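Below you'll find the structure, written out as C-alpha cells, and then a few comments.
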Protein chains: 2
Amino acid sequence: MVTIKDISRICGVSPATVSKALNGYDDISPETAELVLQTAKELNYTPNAAARLLKTNRSHNIGVLFIDDSMSGLTHEYFSHILNSVKEEAEANGYDITFISNNIGKEKTSFLQHCRYRNCDGVVIANVDFQNTEVLELVKSNVPVVTIDYSFDNASSVNSDNEEGSYKLTSNMIAHGHRKIAFIHGEHTLVTQKRISGYKTAMEDHGLEVPPEYISEAIYHDVDSVRKATAAMLDLPDPPTAILFPDDYAFMGGQAEILERGLNIPGDVSVSGYDGVNLAKILDPKLTTWEQDTDALGRIAVDKLIDRIENPRTAIPEYIVVKGKLFEGETVKQFS
Amino acid sequence: MVTIKDISRICGVSPATVSKALNGYDDISPETAELVLQTAKELNYTPNAAARLLKTNRSHNIGVLFIDDSMSGLTHEYFSHILNSVKEEAEANGYDITFISNNIGKEKTSFLQHCRYRNCDGVVIANVDFQNTEVLELVKSNVPVVTIDYSFDNASSVNSDNEEGSYKLTSNMIAHGHRKIAFIHGEHTLVTQKRISGYKTAMEDHGLEVPPEYISEAIYHDVDSVRKATAAMLDLPDPPTAILFPDDYAFMGGQAEILERGLNIPGDVSVSGYDGVNLAKILDPKLTTWEQDTDALGRIAVDKLIDRIENPRTAIPEYIVVKGKLFEGETVKQFS
DNA sequence: GAAAATTACTAAAACGATTTCGTAACTCCA
DNA sequence: TGGAGTTACGAAATCGTTTTAGTAATTTTC
C-alpha cells in the first residue's frame, strides 16, 4: 500500500506537507499542492481510514441497528426499503454503514460496545425491541443516535404517521359506507398503539361503535397468525364488512382465508393493508393501503444523524413526522 | 474512552503486558492475567478496532458489494435474504460487514479504492454487473473476493444451480402433459443463459420443439416488462399452455395479464416462477417455483471468503453449486 | 533599511494498539 | 554451585495519519 510517506519521499517534502496538500490546507503553495496531488494520483494513493480515525476520532462510519432476534430482519420489505434509503443517503454524504451486532469477534458484548469498538460516529436504530436494555444503553450513551418509528427524548426520531395512516384508512372504509370495520393489528408496540388509536378515533369521529371483538392481535409480517385472526373475525356472529390488516405482506394470510371461504374481495369483504411499499401495487386486485414514505424516512434519519454528529452543540433532538399517503387500490368497495 | 494505557497504569504493569493478557498470550502469569482481565471488565474497556487494525492489518470487516445502479438493490427479496444470511454468518465468525460504494467521502473513486480505504479483509460480490470495469478491477486485485451467482477463475464463487432449476421446472411442466411451454426470461446475464440452456435441454430431452417465439426477454423483478412479454406470448397464433417466468415477483405482471384476459391459472395456463423465497408461498394459488437456498448461498460465500482470508496460501478458488429444490405450488395443472 | 508580517514549510508528538527482542529473576540438575 | 533453561515481564518501535507549534525565508510597511 502506498502511504503518505511514500509520497513525501518522492515529492521531497515532509509527510505533514503531503497531508495538508491532500486535505486542501491553504498554507501550502499551489505548486507543491499540485505536485503532491499529481503524485498521489499516479501512485494510486488511498488514505487509510483507520489511521485517520485514530487521530481525528471520526470514522465516517454510521452504525445500523436494524434487527434483533425477535424481528423479521432485513428481509422485511418495509425495512429493506428504509435500509436502502439509509445507505444511499449515507453514501451521498461520505459515510459508510456497518451493521451493529452484539458481539465483537466471537465474544458476546453489547450494541454500545460494538459501536465503540468500530468507532461509529452515530447509529440509526429501527425495527428493534426498543425496551431492550442493550438498546436503551445505546440510546442513553454519548453515541449520537437517531431512531425510526420510536422516540426517546434525548435523540431525534423519524416517525411515520401511524395514527394518521390508520385514521385515514379507517375513514376511507367509512366513506365507502362501511360501518362494521375490524382492525387486525400487529404486536403491541408503540407503532401499534398509534394505529389502534387512529382507528378508534376515526370510528368515534364518525359516531361508530367499536365492539371489542373487532380489534384483534396478530403478528406483523406473519401470514399464518393473520390468517387465524381473520378466520376468527369471519366466524363472529356479526362479522365485519371491512378489515384493516397489520401490513400488506401479512394481509396475504387474510386474503387466503377470505377466498377459501368463497368470499370475494372486495365484493363481500373490503380490506386494506399497511406499508404500501411494493407488494400492494402488483397484487390483483391492487391492495388499498397506506403508503409510507420509506425513502424520506431513511433519508431524514441519516440527515438528522449527520447533523447531530457534525454539529454536536447546536443540533437538538427533534421529533419528525413523515407523512404517508393513501394508496387507493381495488380492495375497498362501496358498501350497500 | 478507556485504553490499554489506563489499564496498565491501574494494574501497575506495562501496556505490553496488558495487551498480551487481553489476547491470551501464555507468557503472562495467571495472576497478572486475572488482574488485567478483571480491571478491563470493571473499567468497561473496549478495544479500538482502528488501532488494532493499524498494527495487525486485519480489519475483521467484510465488504459487501451488492448493487450497482442498474440493479434493483437491497429491496430485491432474493438478495435481501442473501444479505441477511451473509450478515449472520459474518457475525457468527467475528466479522462485521460494510457496504462498499464507489465513493470515499464525497469523492468518486472505485470499489477497490473503497475496499482499501476501509481495509476490508475481503468482499462478497453479488447482484452487480459483473462486466463493469470497477468490479473487474476489484476481482483482479489482491483483495480476497467471493462472488455469488457468477464465477471468475481467480476467486471462489457460490452459485445457485440455474441450469438445473430451469430444467426441473420445465420437466415439471412436461410431466404434467404440457408440450407448448414458453419461457419468459430476464436480461441477458450468465444466470439467464444457464436458465435458457436448462429449459432448452429439458425440451430437447423430451423430444419437444422450441419455436423461437416461445422464448422472450423481459426484465428481472420488473412487473410491467413481464406483463408485456406475457401479452405478446398470449397473442401468438399458437399460444403456449405453460409459461415459465423470470422470477416470482415479476410473475405478478404475467398473472395480471393472464387474469385480465379472463384466463384462469392453472386452468388455462400453467405457470411457474423462480426464486421461491417468500412470495410464492403466500400467493393464492401458491406459485410453483424453484426454491433457491439463499441461506446456504450467503453462508457458504462468507465461509469461503473467511477461509481465503485466514488461510491465504492453502485456500484455492472453488466453484460451488448450491442445490435448490422444486416448490410445487398450485399453478401447474395436468394438461389434457 | 529595519521591524513586522506573511508564506511555506517541517519536526515531532500523538492516536491505541501489537509485537519483537531483551532481560532479570528464578528453577533445575549434575 | 554454576551454567542452562524457563518464566514473566517491559522498552520501544511501529502501523499511517493529523496537527500543533515553531522557523527559516520572503515580502511588506513606514
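Computed from a prediction, not measured in an experiment: that's the story for all the values here. Letters A, B, ... mirror the listed sequences (proteins, then strands); counts begin at 1.
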Closest approach of B:G122 to B:V143 (non-hydrogen atoms, all atoms of both residues): CA-CG1, 4.2 Å
Closest approach of A:D6 to A:T3 (non-hydrogen atoms, all atoms of both residues): OD2-N, 2.7 Å
For side chain to side chain contact (heavy atoms under 4.5 Å, CB included), just list the numbers for B:S80 and B:T75, CA-CA rounded to whole Å, side-chain angles, deciding distance to a tenth of an Å, and then say yes or no. CA-CA 6 Å; B:S80 74; B:T75 62; over 6 Å; no
Separation of [X] atom [atom1] from [N] atom [atom2], in whole Å?
X      : N      : atom1 : atom2 : answer
B:Y117 : D:dC15 : OH    : P     : 20 Å
B:L43  : C:dG16 : CG    : C1'   : 15 Å
B:L54  : D:dT17 : CG    : P     : 9 Å
B:L53  : C:dC15 : CG    : C1'   : 13 Å
A:N48  : C:dG16 : CG    : P     : 16 Å
B:R58  : D:dT14 : CZ    : P     : 23 Å

Parallel under 30°, tilted from 30 to 60°, perpendicular over 60°: which one fits the rings of A:H114 and A:Y117? perpendicular
Taking N and O atoms by type only, does the side chain of A:K55 place a donor or acceptor under 3.5 Å from a partner on the base of D:dT19? no
Please confirm whether the backbone N or O of A:N119 pairs with a side-chain atom of A:S59, one donor and one acceptor, at under 3.5 Å? yes
How is [X] classified with respect to the nucleic acid when contacts are heavy atoms under 4.0 Å: base, sugar-phosphate, or nothing?
X     : answer
B:S8  : nothing
B:S19 : base
A:N23 : sugar-phosphate

Salt-bridge contact B:R58-B:E310 (side-chain N to carboxylate O under 4.0 Å): yes
Between A:D96 and B:R118, does at least one N-O distance fall below 4.0 Å, as a salt bridge requires? yes
Does A:Y25 have a side-chain nitrogen or oxygen under 4.0 Å from the phosphate oxygens OP1 or OP2 of D:dT20? no
Qualifying residue for side-chain hydrogen bond (donor to acceptor under 3.5 Å, both in side chains) with A:Y78, from A:N278, A:D149, A:T294: A:D149
Protein-nucleotides 8-11 of chain D N/O pairs under 3.5 Å:
residue	atom	partner	partner atom	Å
D:dC9	OP1	B:T32	OG1	2.5
D:dC9	OP2	B:S29	N	2.7
D:dC9	OP2	B:S29	OG	3.0
D:dC9	OP2	B:T32	OG1	3.0
D:dC9	N4	B:D27	OD2	3.2
D:dG10	OP1	B:S14	N	3.4
D:dG10	OP2	B:S14	N	2.8
D:dG10	OP2	B:S14	OG	3.1
D:dG10	OP2	B:T17	OG1	2.4
D:dG10	O6	B:K20	NZ	2.7

Inter-end axis angle, the helix from C:dG1-D:dC30 to C:dA30-D:dT1, with every axis fitted to five base pairs (rounded, 10 degrees): 50°
Where do B:S110 and B:E134 land on the side-chain hydrogen bond (donor to acceptor under 3.5 Å, both in side chains) test, with the steps shown first? CA-CA 6 Å; B:S110 69; B:E134 278 191 28; 5.2 Å; no
